[in-house]
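Below is one structure; the comments refer to it alone.
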Amino acid sequence: MSTPSLPLTDRSDLAPRLRTAFLDADFTADGLLERLGAPAYAALARAETVPALRATRGGTPLDTLVRLFLLQRPVTPAEAGAALPGGLLDDAVEGGWLRREAAGDEAIRAVIDVRPYGGPDGQDWFIASDLGCAVGGAGGIGSTAEGVVLGVGGASTTLAGLTVRGPVGDALDLGTGSGIQALHASVDATRVTATDLNPRALSFTALTLALSGAPEAELLEGSLFEPVDGNRYDLIVSNPPFVISPGARLTYRDGGMSGDDLCRTLVQQAGDRLNEGGYAHFLANWQHVDGEEWTDRLRSWVPEGCDAWIVQREVQDITQYAELWLRDSGDHRTDPETYAARYEAWLDEFEARNTKAVGFGWITLRRSGAAEPSVVVEEWPHPVEQPLGETVRAHFARQDYLRTHDDAALLAGHFTLAPEVVQEQIGLPGAEDPEHVVLRQHRGMRRATQVDTVGAGFAGVCDGSLSAGRILDAIAQLIGEDPVRLRDQTPAQIRLLVEQGFLEPVEEGTRAQA
């Protein structure tokens, strides 16, 4: 089943006028939460619309817009006219945003989804997508439609939160979909380019940007980096069709390459598309293959001249993975024989590639040009605190520091304890000494690491005023240890605490003098 092209006519004046009507009615992320209440608002994320329908029975312009554009319910012409005044209703029907029911013009229906979305610094944004895709994924339109364009979801907000923000010249949103990454990039970038294999996605991205009052982007049709030729960027973001599937039925999720080749190709080609110091952020799936370490597989993807931080957030065995995406496409609602045949196809694909499980996570590259790149591949399934953009930036800054500081330089360095790090002591009640001492972060990755008495004491007094070596000398005197031995043994522990973000190096110009 294919999805037709967008029926919207070229009415460049409509989006700004609709935006004004939305804002006048308080059809915004904050207005939606206030009108629906937290339980009904949260239910929408679970694709449950009944609480929201009950909360929007009042017939106000906000109620009408929620029902019309977010819940895809019919409203009366009088209600629609009150929410879209001054001839805007007729223009929206003529422009293809809305349609009148054939039977007596008794109802108005939306042609597309529009979801209010809270941007940075309180900006009111709107994400345009296919019917049924702003709430609860693709279920409303039927995700067997190969050209369906999804609205904002958990994956897209995760990627937006991971992205390092700040002024850049050129930004690329590869596989833009409904345009949420391009919208975020428009805040900081001088120029934004958005690409997609699906021309419908480019149309929706244009609508998203226009409804949100954002600058226009360069919109290019094509696969991977093909549309941008040899251009380089300061920022690349991509939530690609990363699903490892036996075919390419669904444009929005199936990459059309064997196994995890699409994600591998995307990452490997990104290195040559980044300017020096530029970042590339991807969501990806990867295979866990018999006889191969998954970490080695991913290390082989990292392009030359780039540092990388790769985090595996989840692993599913092949049956769990197949069932997840069969449900996503609605195949579980087909007849049993069709479902079984499609399930078999997924398992055949995995068996042919010796795949035992599939990992999901995020990949960040930074073009550093370092002779010895930093490549960190780790598993972290625990809760994190979004947004993580500054955490990602700090990670790479710490890698720069550690790469250029041997143990002697480390001992000469000054450090401060990162904000909101606490110490936990674990042991039997009444015991003189704890069995374990754990440092725990309450920000960013929310890591926890076990340290010995020296490590805990060292971290506790790091305020930037003393060098690491002088702190260790004082600890050695306090516990009766040989200071030379302590200076020899401790740098590895200091290096780990810096790498994981528990300690922050202090620049020479900002140090307090002892």
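Numbers for residues simply follow the sequence, beginning at 1.
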Once the angle between the rings of [X] and [Y] is folded into 0 to 90°, is it parallel (under 30°), tilted (30 to 60°) or perpendicular (over 60°)?
X      : Y      : result
Tyr321 : Phe350 : perpendicular
Phe415 : Tyr401 : perpendicular
Trp294 : His288 : parallel

Given 3.5 Å as the limit, does a donor-acceptor pair link the side chain of [X] with the main chain of [Y], or not?
X      : Y      : result
Asn285 : Phe360 : no
Asp130 : Val148 : no
Gln386 : Leu388 : yes
Asp170 : Tyr233 : no
Arg495 : Leu402 : yes
Thr195 : Leu219 : no
Arg367 : Gly277 : no
Ser467 : Gly413 : no

Regarding Asp30 and Thr28, is there a side-chain donor-to-acceptor distance under 3.5 Å anywhere?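 Asp30 vs Thr28: no donor-acceptor pair found between side chains.
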
Which distance, rounded to the nearest 0.5 Å, do you find between the [atom1] of [X] and the [atom2] of [Y]?
X      : Y      : atom1 : atom2 : result
Ile494 : Cys462 : CD1   : SG    : 7.5 Å
Leu220 : Asn231 : CG    : CG    : 8.5 Å
Tyr279 : Ile236 : OH    : CD1   : 13.5 Å
Thr265 : Met257 : OG1   : CE    : 4.5 Å
Asp331 : Arg342 : CG    : CZ    : 4.5 Å
Ile127 : Thr208 : CD1   : OG1   : 5.0 Å

Which pairs count as ring-ring contact (aromatic ring centres under 6.0 Å, His included) when at least one residue sits in residues 364-391, sequence neighbours excluded?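 Listed once each, the pairs are Trp380-His382.
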
Shortest non-hydrogen contact from [X] toward [Y]:
X      : Y      : result
Ala194 : Leu202 : O-CD2, 3.8 Å
Phe225 : Leu172 : CE2-CD2, 3.8 Å
His281 : Leu235 : CD2-CD1, 3.8 Å
Ser156 : Asn239 : N-ND2, 4.0 Å
Asp307 : Ser374 : OD1-N, 2.9 Å
Leu183 : Ala214 : CD1-CB, 3.6 Å

Any pair with a residue in residues 411-427 that passes salt bridge (charged side-chain N to carboxylate O under 4.0 Å, His left out), sequence neighbours left out, goes on the list, sorted by first then second residue, please.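 Non-adjacent pairs meeting salt bridge (charged side-chain N to carboxylate O under 4.0 Å, His left out): Glu420-Arg443, Glu424-Arg440.
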
Which pairs pass salt bridge (charged side-chain N to carboxylate O under 4.0 Å, His left out) with one or both residues in residues 157-168, sequence neighbours excluded?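 Applying salt bridge (charged side-chain N to carboxylate O under 4.0 Å, His left out) to every pair that reaches into residues 157-168, excluding sequence neighbours, yields nothing.
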
Do [X] and [Y] touch side chain to side chain, with heavy atoms closer than 4.5 Å?
X      : Y      : answer
Ser178 : Leu150 : no
Leu439 : Arg447 : no
Leu266 : Leu224 : yes
Trp301 : Cys263 : yes
His184 : Trp125 : yes
Thr449 : Gln441 : no
Tyr252 : Asp328 : yes
Arg333 : Tyr339 : no

Partner set under side-chain contact (heavy atoms from CB on, under 4.5 Å) for Glu504, not counting sequence neighbours: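 Glu504 satisfies side-chain contact (heavy atoms from CB on, under 4.5 Å) with Thr416, Ala418, Pro419 only.
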
Non-neighbouring partners of Glu349 that pass side-chain contact (heavy atoms from CB on, under 4.5 Å), sequence neighbours left out: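 For Glu349, the residues satisfying side-chain contact (heavy atoms from CB on, under 4.5 Å) (neighbours in sequence not counted) are Pro246, Arg353.
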
I would like to know whether Arg264 and Gln268 meet side chain to side chain donor-acceptor pair (under 3.5 Å); could you show each step before the answer? CA-CA 6 Å; Arg264 175 185 56 79; Gln268 289 179 336; 3.0 Å; yes

With a 6.0 Å cut-off on ring centres, are Phe242 and Phe282 close enough?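 That pair fails the under 6.0 Å test.
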
Apply side chain to side chain contact (heavy atoms under 4.5 Å, CB included) to Thr364 and His395, showing your working. CA-CA 11 Å; Thr364 298; His395 166 87; over 6 Å; no

How far apart are the C-alpha atoms of Arg446 and Val384, what are their side-chain angles, what is the distance that settles it, and do they pass the side chain to side chain contact (heavy atoms under 4.5 Å, CB included) test? CA-CA 6 Å; Arg446 294 180 174 172; Val384 298; 5.7 Å; no

Glu351, CD atom: more than 12 neighbouring heavy atoms under 6.0 Å: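 No, not enclosed.
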
Mark yes when over 12 heavy atoms from residues, nucleotides or ligands other than Gln489 sit less than 6.0 Å from its CD; otherwise mark no.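 Counting neighbours around CD of Gln489, more than 12 heavy atoms of other residues, nucleotides or ligands fall under 6.0 Å, so yes.
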
Walk me through whether Glu293 and Val377 qualify under side chain to side chain contact (heavy atoms under 4.5 Å, CB included). CA-CA 11 Å; Glu293 289 293 333; Val377 184; over 6 Å; no

Does the pair Glu378 and Trp309 meet the rule for a side chain to side chain donor-acceptor pair (under 3.5 Å), with working shown? CA-CA 8 Å; Glu378 63 175 321; Trp309 186 19; 2.7 Å; yes

As a quick check of understanding, evaluate side chain to side chain contact (heavy atoms under 4.5 Å, CB included) for Val461 and Leu466, giving each step before the final call. CA-CA 9 Å; Val461 298; Leu466 296 176; over 6 Å; no

Residues 472-483, side-chain donor-acceptor partners within the protein, below 3.5 Å, at least two apart:
from	atom 1	to	atom 2	distance (Å)
Asp473	OD1	Arg487	NE	2.9
Asp473	OD2	Arg487	NH2	2.9
Glu481	OE1	Arg485	NH1	2.9
Glu481	OE2	Arg485	NH1	3.2
Asp482	OD1	Val484	N	3.1

